[in-house]
Asker: 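Would you mind keeping the following structure in view while I ask a few things?
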Amino acid sequence: MLCSAAGESSVLLWSMRSYTLIRKLEGHQNSVVSCDFSPDSALLITASYDTTMILWDPYTGEKLRQFVHISVSRELDYSSPEPQLSALRSVCFSPEGMYLASLADDRFLRIWSLEHEEPLSAAPVTNGLCCTFFPHGGILATGNRDGQVQFWTSPRVLSSLRHLCRKALRCFLTTYQVLALPVPGKMKDFLTYRTNY
C-alpha cells in the first residue's frame with residue numbers, strides 16, 4: 001500500500017500490486033502535508049494544516065484517534081498567554097511504532113504516545129520543516145527551512161511482549177484477517193489497535 005497526500009484535505013491509498021486506488025480517507029479540514037505508516041503497516045498517521053493528526057486503519061479506512069496540536073505549556077511558550085493552534089509540517093512513527101514525532105509552525109517538536117491525547121514532551125525547533133526517527137531508535141532528526149539538520153536524543157523503548165506479538169502478527173495480517181481469527185473480541189481489539197490493553 002502507498003499513501004499520497006497532494007495538498008488536499010484527503011489522503012489517497014494505492015495498491016502497489018495493481019497500481020489502482022484503494023480508498024480515499026477524508027477527515028481533515030485543510031491540506032494534508034505529511035503521512036507515515038507504522039512499522040507493522042497496521043496504522044497510518046496523517047498531519048494537516050488544520051492542526052490535527054489523524055490515526056487511521058489503512059485497511060478499513062476507519063479513523064482510530066485524533067490528536068489536536070495546540071501550543072505547549074506556558075512554561076515553554078512565552079509568546080502567547082493562551083493556547084494557540086499550530087499548522088503541522090511533519091509527522092512520523094518511531095521504530096517500535098508506539099510513539100509519534102510531530103513538527104509544527106509554532107516552532108516545537110513534540111513526542112506523542114499512541115495512548116495519550118497530550119504530547120509527552122516538546123522541544124524548541126527554529127523553522128522546522130520535517131522530522132524522522134533513526135530506524136534503530138534513540139535518535140530523531142529534524143530539518144529546517146535553512147537547510148540545517150538537528151539531531152535529538154529520543155528515548156529508547158523496550159516494547160512489551162504483547163506489543164511485539166501484535167507487531168509481528170500485523171506485519172503479515174490485515175485488519176480483516178485479524179477480525180476473522182477465532183480469538184476473543186478483546187484480543188481482536190488489541191490486535192487492531194482499537195485498545196492498548
Side-chain angles (χ1 to χ4, degrees), residues 1-14 24-58 63-73 76-77 79-80 83-157 193:
M1 206 180 295
L2 175 78
C3 178
S4 65
E8 298 177 1
S9 61
S10 59
V11 173
L12 304 177
L13 294 177
W14 303 89
K24 185 177 187 178
L25 301 176
E26 297 179 309
H28 286 289
Q29 304 303 313
N30 206 327
S31 298
V32 176
V33 294
S34 184
C35 58
D36 194 23
F37 283 99
S38 61
D40 61 6
S41 301
L43 300 171
L44 173 70
I45 188 76
T46 56
S48 170
Y49 286 152
D50 68 7
T51 73
T52 64
M53 297 184 302
I54 298 178
L55 189 67
W56 307 89
D57 182 322
K63 187 193 304 188
L64 300 175
R65 290 181 193 85
Q66 182 168 316
F67 303 90
V68 179
H69 219 271
I70 59 172
S71 67
V72 295
S73 67
L76 293 175
D77 185 8
S79 63
S80 176
Q84 300 292 314
L85 298 175
S86 298
L88 285 144
R89 292 289 169 184
S90 184
V91 65
C92 62
F93 270 98
S94 63
E96 77 284 338
M98 291 302 296
Y99 297 93
L100 301 166
S102 66
L103 206 51
D105 282 343
D106 67 353
R107 299 182 183 148
F108 279 94
L109 167 69
R110 291 172 177 79
I111 304 294
W112 306 75
S113 167
L114 295 183
E115 300 172 358
H116 300 97
E117 292 181 10
E118 300 291 325
L120 299 176
S121 61
V125 176
T126 304
N127 292 323
L129 191 58
C130 59
C131 59
T132 190
F133 281 93
F134 178 63
H136 302 292
I139 298 173
L140 177 65
T142 57
N144 67 23
R145 290 177 184 86
D146 303 325
Q148 297 177 352
V149 177
Q150 286 181 290
F151 295 97
W152 306 84
T153 302
S154 65
R156 287 188 179 261
V157 177
Y193 290 89

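Values in this document were obtained by computation on a predicted structure and should not be read as measured data.
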Asker: Check side-chain contact (heavy atoms from CB on, under 4.5 Å) between Cys3 and all other residues, then give those that pass, not counting sequence neighbours.
Answerer: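 Val11, Leu13, Cys35, Phe37, Leu44.
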Asker: Would you mind listing every salt bridge (charged side-chain N to carboxylate O under 4.0 Å, His left out) that reaches into residues 118-131, with sequence neighbours excluded?
Answerer: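 As it turns out, there is no salt bridge (charged side-chain N to carboxylate O under 4.0 Å, His left out) pair with a partner in residues 118-131 once direct neighbours are skipped.
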Asker: Would you sort out whether Phe93 and Leu100 count as a side-chain contact (heavy atoms from CB on, under 4.5 Å), showing the intermediate values?
Answerer: CA-CA 5 Å; Phe93 270 98; Leu100 301 166; 3.7 Å; yes
Asker: Counting distance only, does the side-chain N/O of Asp50 pair as donor-acceptor with the main-chain N or O of Gln29 below 3.5 Å?
Answerer: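 Indeed, once roles are kept as given, a pair shorter than 3.5 Å links the two residues.
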Asker: Can you tell me how far the CG atom of Leu109 sits from the OG atom of Ser121, to the nearest 0.5 Å?
Answerer: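 The CG atom of Leu109 sits 7.5 Å away from the OG atom of Ser121.
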Asker: Mark yes or no for whether Ser34, through its side chain, and Val91, through its backbone, hold a donor-acceptor pair below 3.5 Å.
Answerer: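 Side chain of Ser34 to backbone of Val91: a pair is present.
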Asker: Is there side-chain contact between Glu8 and His28, with at least one heavy-atom pair below 4.5 Å?
Answerer: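 Sidechains of His28 and Glu8: no contact.
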Asker: Under 4.5 Å between any side-chain heavy atoms of Arg107 and Pro124, yes or no?
Answerer: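 Arg107 vs Pro124: side chains apart.
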Asker: Can you list the residues that meet the side chain to side chain donor-acceptor pair (under 3.5 Å) rule with Tyr99, with sequence neighbours excluded?
Answerer: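 By the side chain to side chain donor-acceptor pair (under 3.5 Å) rule, Tyr99 matches no residue at all.
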Asker: Roughly how far apart are Asn127 CG and Leu103 CG, rounded to 0.5 Å?
Answerer: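 Here the rounded value is 10.0 Å.
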Asker: Output all residues satisfying ring pair (Phe, Tyr, Trp, His ring centres under 6.0 Å) with Trp56, sequence neighbours left out; order by chain, then residue number.
Answerer: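 Applying ring pair (Phe, Tyr, Trp, His ring centres under 6.0 Å) to Trp56 gives none.
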Asker: Run the side-chain contact (heavy atoms from CB on, under 4.5 Å) test against Leu12 and tell me which residues pass, sequence neighbours left out.
Answerer: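 Here the qualifying residues are Ser4, Trp14, Leu21, Lys24.
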Asker: Over all heavy atoms of both residues, which pair between Ala42 and Pro58 is shortest? Give the atoms and the distance, please.
Answerer: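 Reported closest heavy-atom pair: O-CD, 3.2 Å.
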Asker: Would a distance-only check, ignoring hydrogens and angles, find a side-chain to backbone donor-acceptor pair under 3.5 Å from Arg89 to Gly128?
Answerer: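 Not a single qualifying donor-acceptor pair exists.
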Asker: Ignoring hydrogens, what is the shortest heavy-atom contact between Ala141 and Val149? Give both atom names and the distance.
Answerer: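 Looking at all heavy atoms of both residues, the shortest contact is CB-CG1, 4.2 Å.
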Asker: Could you tell me the separation between the CG atom of Leu129 and the CD atom of Gln148, rounded to the nearest 0.5 Å?
Answerer: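 Those atoms lie 12.5 Å apart.
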Asker: Would you list the pairs meeting salt bridge (charged side-chain N to carboxylate O under 4.0 Å, His left out) in which at least one residue belongs to residues 128-139, sequence neighbours left out?
Answerer: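 Sorted pair list comes back empty.
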Asker: Name all residues meeting the side chain to side chain donor-acceptor pair (under 3.5 Å) criterion together with Ser38; count only those two or more places apart in sequence or in a different chain, and write none if there are none.
Answerer: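 So Ser38 forms a side chain to side chain donor-acceptor pair (under 3.5 Å) with Asp40.
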Asker: Over all heavy atoms of both residues, which pair between Pro95 and Gly137 is shortest? Give the atoms and the distance, please.
Answerer: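 So the minimum-distance heavy-atom pair works out to CG-N, 3.5 Å.
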Asker: Return the OG1 to CD distance between Thr52 and Gln66, rounded to the nearest 0.5 Å.
Answerer: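 Atom-to-atom, Thr52:OG1 and Gln66:CD are 4.5 Å apart.
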Asker: With sequence neighbours left out, write down each residue that passes side-chain contact (heavy atoms from CB on, under 4.5 Å) with Ser41, or none if nothing qualifies.
Answerer: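 side-chain contact (heavy atoms from CB on, under 4.5 Å) list for Ser41, sorted by chain: Tyr59.
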Asker: Side chains of Leu25 and Val32: closer than 4.5 Å at any heavy-atom pair?
Answerer: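 No. Closest side-chain heavy atoms not under 4.5 Å.
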Asker: In Å and rounded to the nearest 0.5 Å, what is the OG to CD1 distance from Ser48 to Ile54?
Answerer: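 Atom-to-atom, Ser48:OG and Ile54:CD1 are 7.5 Å apart.
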Asker: Supply the atom-to-atom distance Arg65 CZ to Glu115 CD, rounded to the nearest 0.5 angstrom.
Answerer: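 Reported value, rounded in 0.5 Å steps: 8.0 Å.
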Asker: Any side-chain heavy atom of Tyr193 within less than 4.5 Å of one from Leu55?
Answerer: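 With C-beta onward as the side chain, the pair stays apart.
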Asker: State which residues pass side-chain contact (heavy atoms from CB on, under 4.5 Å) with Gln150; sequence neighbours excluded, sorted by chain then number.
Answerer: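 So Gln150 forms a side-chain contact (heavy atoms from CB on, under 4.5 Å) with Val125, Thr142, Trp152.
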Asker: Please report the shortest heavy-atom distance between Ala101 and Cys131, naming the atom on each side.
Answerer: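 Of all heavy-atom pairs spanning Ala101 and Cys131, the closest is O-SG, 3.8 Å.
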Asker: Heavy atoms only: give me the nearest Thr51-Leu88 pair and the separation to one decimal.
Answerer: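 Nearest heavy atoms, Thr51 then Leu88: C-CD1, 3.6 Å.
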Asker: So does Val33 get a backbone contact from the side chain of Ser31, meaning a donor-acceptor N/O pair under 3.5 Å?
Answerer: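 Judged by distance alone, no pair lies under 3.5 Å.
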Asker: Looking at every heavy atom in both Gly97 and Leu114, which two are closest together, and how far apart are they?
Answerer: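 Closest pair (atom of Gly97, atom of Leu114, distance): O-CD1, 3.2 Å.
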Asker: Sorted by first residue and then second, give each salt bridge (charged side-chain N to carboxylate O under 4.0 Å, His left out) pair with at least one member in residues 140-151; sequence neighbours left out.
Answerer: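 Residue pairs passing salt bridge (charged side-chain N to carboxylate O under 4.0 Å, His left out), neighbours aside: Asp105-Arg145.
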Asker: Can you name the residues that form a salt bridge (charged side-chain N to carboxylate O under 4.0 Å, His left out) with Asp36, not counting sequence neighbours?
Answerer: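 So Asp36 forms no salt bridge (charged side-chain N to carboxylate O under 4.0 Å, His left out) with any residue.
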Asker: Under the rule for side chain to side chain donor-acceptor pair (under 3.5 Å), what residues qualify as partners of Asp57, not counting sequence neighbours?
Answerer: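 Expected list: Thr175, Arg194.
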